[in-house]
2 protein chains.
Amino acid sequence: MLSLDVKRLHIDTPPDTLIVMEDEVDRLVAAWRRERPDLDVEPLEVLSRVSRLARHLDRARRTAFAEHGLEPWEFDVLTALRRAGSPYQLSPGQLLTQTLVTSGTMTNRIDRLTAKGLVVRLPDPDDRRGVLVRLTEAGRDKADQALAGLLAHEREILAQLAPAQQTELAALLRSLVAPFDRSS
Amino acid sequence: MLSLDVKRLHIDTPPDTLIVMEDEVDRLVAAWRRERPDLDVEPLEVLSRVSRLARHLDRARRTAFAEHGLEPWEFDVLTALRRAGSPYQLSPGQLLTQTLVTSGTMTNRIDRLTAKGLVVRLPDPDDRRGVLVRLTEAGRDKADQALAGLLAHEREILAQLAPAQQTELAALLRSLVAPFDRSS
DNA sequence: CAGAGATATCTTGACGTCGAGATACTTTCG
DNA sequence: CGAAAGTATCTCGACGTCAAGATATCTCTG
């Protein structure tokens, strides 16, 4: 009964060799249709999958970074600095807007990254209220290694899709994300 | 310079009327290509968008639930019970596996939902170690109202895409999610 | 150039989650 | 039957985050 409800990824595959790729969201949607047949739960087909996939990606990232002795939040901060380009420094405020955490959290993070020797705090020569957070050489190396590791892991996950499908998926997702990025 | 790097959603549109939908991930990827031209960062085009979209969805869900006086975690627990069908009860252990939190967290959540009168704790007649968490009538109403509200919000977000595109997107996402759901 | 308001960062206290351990009960198997 | 292992739930301490407030400095205006 369940298999009849599942979308077929390859329409031309003969039914008896069809590989049914069912996921948790299929079960979720089926449960809602049973309990609330009056409701149109189509949106969940897309957006619940986005949320669930993001959860799985978080876990995968966590293990990928652990190989380099990094926490996900450490990666976020280090790579923000790395992307800034030489001399790899940003103000705490700039880091706030990039990582979407609050200032108290960022202070804490910079403290710990400093203790690990991955960044240093420098006074901002142009603004005595300000501070510049700069990547150390060790921090830069960590960031580069962790990024390479992350990309390797992510490529494996995406191997499920043909290159053209990946491009298509990216475009569809961009349509959904763009309105949020514009407003905020 | 940036606009040249952006994918065009509609290839046949004349360049000067092209609507460029750029998002944060485009900027992210552009920065990496500048700093690490040796690296293939294609995977980020898909997976960073998934993560960022999920973040935005979390915020949108939070505001949608706030209209009903619910926190996201409360919605998760209540709807898990609601989906179970009459008599709307599950053990704390079953709730754990559905919501992916630890037992300490779930105890805390059940406590607070009980205090709000949305669930009740009943002794399991078949296992004296066990407890059953049951939705009250008020809890069931809350869950139903919040779900309707959530779906309305999500439909707005998805209005960016034609129905066929939504179906396509759901299928692509399922391919990526399914391997995780199988293993765990 | 003085003062009001804006800005940048840090400090503090409260909260929710996690993870390890504790307790109570059940199941398995000799 | 009875001990050992398994299972279900709760308790507790540690940790990271947030939000609000404090402090120092800058900028704009008159």
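To find a chain, count down the sequence lines: A is the first, B the second, and so on, and within it residues start at 1. Quick caveat, the model's predicted, so the values are computed rather than measured.
Atoms CG (B:D124) and P (D:dA8) sit 10 Å apart, rounded to a whole Å. In this structure, the CE atom of A:M106 is 12 Å from the C1' atom of C:dT9, given to the nearest Å. The interatomic distance linking B:D58 (CG) with D:dT17 (C1') rounds to 15 Å, in whole Å. Taking atom CD of B:E71 as the reference point, atom P of D:dC18 lies 14 Å away to the nearest angstrom. Computed from coordinates, the B:D127 CG to D:dT7 C1' distance equals 8 Å when rounded to whole Å. The CG atom of B:D111 sits 7 Å away from the P atom of D:dC10 (whole-angstrom rounding). For the pair A:L132 CG and C:dA8 P, the computed distance is 12 Å after rounding to whole Å.
Note on B:R121: every side-chain N or O is 4.0 Å or more away from OP1 and OP2 of D:dA8.
Using a 4.0 Å cut-off between charged side-chain N and carboxylate O, A:R33 and A:D38 make no salt bridge. Residues A:R155 and B:D40 are paired through a salt bridge, judged by an N-O separation under 4.0 Å between the basic side chain and the carboxylate. Look at B:E137 and B:R140 and you find no salt bridge, because none of the NZ, NE, NH1 or NH2 atoms lies under 4.0 Å from a carboxylate O. Salt bridge status for A:R49 with A:D26: present, with a side-chain N to carboxylate O gap under 4.0 Å.
For A:R129 against C:dT7, a side-chain N or O and a base N or O form a donor-acceptor pair under 3.5 Å.
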Taking protein heavy atoms under 4.0 Å as touching, what does nucleotides 14-19 of chain C look like 5' to 3' if B marks base contact, S marks sugar-phosphate-only contact and - marks none? --SBBB
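For the atom pair A:L70 CG and A:L118 CG, the distance stands at 7.0 Å (nearest 0.5 Å).
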Go through A:K116 and A:E74 one step at a time and tell me if the salt bridge (charged side-chain N to carboxylate O under 4.0 Å, His left out) criterion holds. CA-CA 11 Å; A:K116 284 180 78 170; A:E74 294 178 293; 2.9 Å; yes
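In this structure, the nucleotide among D:dC26, C:dT26, C:dT9 sitting nearest to the side chain of A:R128 is D:dC26.
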